[in-house]
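Heads up: the structure comes next, in structure tokens.
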Amino acid sequence: MLTYKDCLDWAELEQGEVDAIGEHEHLDRFIALAYGDNLNHQRDGARRMRKILIDDIRVAQRHHDFRHAQELKQTLTRHIKNHPL
């Protein structure tokens, strides 16, 4: 039986990326994981994922949640490294 972790590894996503998708799209973590996997298989998926992360960073900053904004920035940095355009 596949675990959530197995699916996360298979999708080549970090938990922070899945969390950002869920936050941005208002999705359950399993649906966000599938959405992220789908993005990874689209030609413009890396660009779209970056936009999601940047949008989430801006929302966190507007709400003065600077700790969360910093976590999202770290996720964005790792995403850029792991998924170059």
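Excluded from the calculations below are hydrogen atoms, water molecules and symmetry mates; all remaining heavy atoms, backbone and side chain alike, are included. Predicted model, so just to flag it, every value in this text is computed and none were measured.
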*Please round to the nearest 0.5 Å and tell me the distance separating atom CD of Q74 and atom CD of Q70.*
5.0 Å
*Where is the tightest heavy-atom contact between L72 and A60, given as atom of each residue plus distance?*
CD1-CB, 4.4 Å
Solution key, residues 32-42 side-chain donor-acceptor pairs under 3.5 Å, sequence neighbours excluded:
{"unit_1": "N40", "atom_1": "ND2", "unit_2": "A11", "atom_2": "O", "d": "2.7"}
{"unit_1": "H41", "atom_1": "ND1", "unit_2": "D37", "atom_2": "O", "d": "2.7"}
{"unit_1": "Q42", "atom_1": "OE1", "unit_2": "R48", "atom_2": "NH1", "d": "2.4"}

*Hey, is the main chain of H68 close enough, under 3.5 Å, to the side chain of D65 for a donor-acceptor pair?*
yes
*Residues in side chain to side chain donor-acceptor pair (under 3.5 Å) contact with K51, at least two apart in sequence or another chain*: D55
*Has R78 got more than 12 heavy atoms of other residues, nucleotides or ligands less than 6.0 Å from its CZ?*
yes
*asked:* Is there a continuous path of hydrophobic side-chain contacts, each under 4.5 Å between heavy atoms, that joins M49 to I31?
replied: yes
*Measuring from K73:NZ to D56:CG, what's the distance to the nearest 0.5 Å?*
13.5 Å
*What distance separates R50 CZ from I80 CD1, expressed to the nearest 0.5 Å?*
4.5 Å
*Apply side-chain contact (heavy atoms from CB on, under 4.5 Å) to E14 and L8, showing your working.*
CA-CA 7 Å; E14 292 185 9; L8 189 65; over 6 Å; no
*Are Y4 and L13 connected, step by step, through hydrophobic side chains (Ile, Leu, Val, Met, Phe, Trp, Tyr) whose heavy atoms are closer than 4.5 Å?*
yes
*Would you indicate whether the side-chain heavy atoms of I52 and E23 approach each other to under 4.5 Å?*
no
_Using the ring pair (Phe, Tyr, Trp, His ring centres under 6.0 Å) criterion, which residues pair with H79? Sequence neighbours excluded._
H83
*Under 4.5 Å between any side-chain heavy atoms of V18 and I21, yes or no?*
no
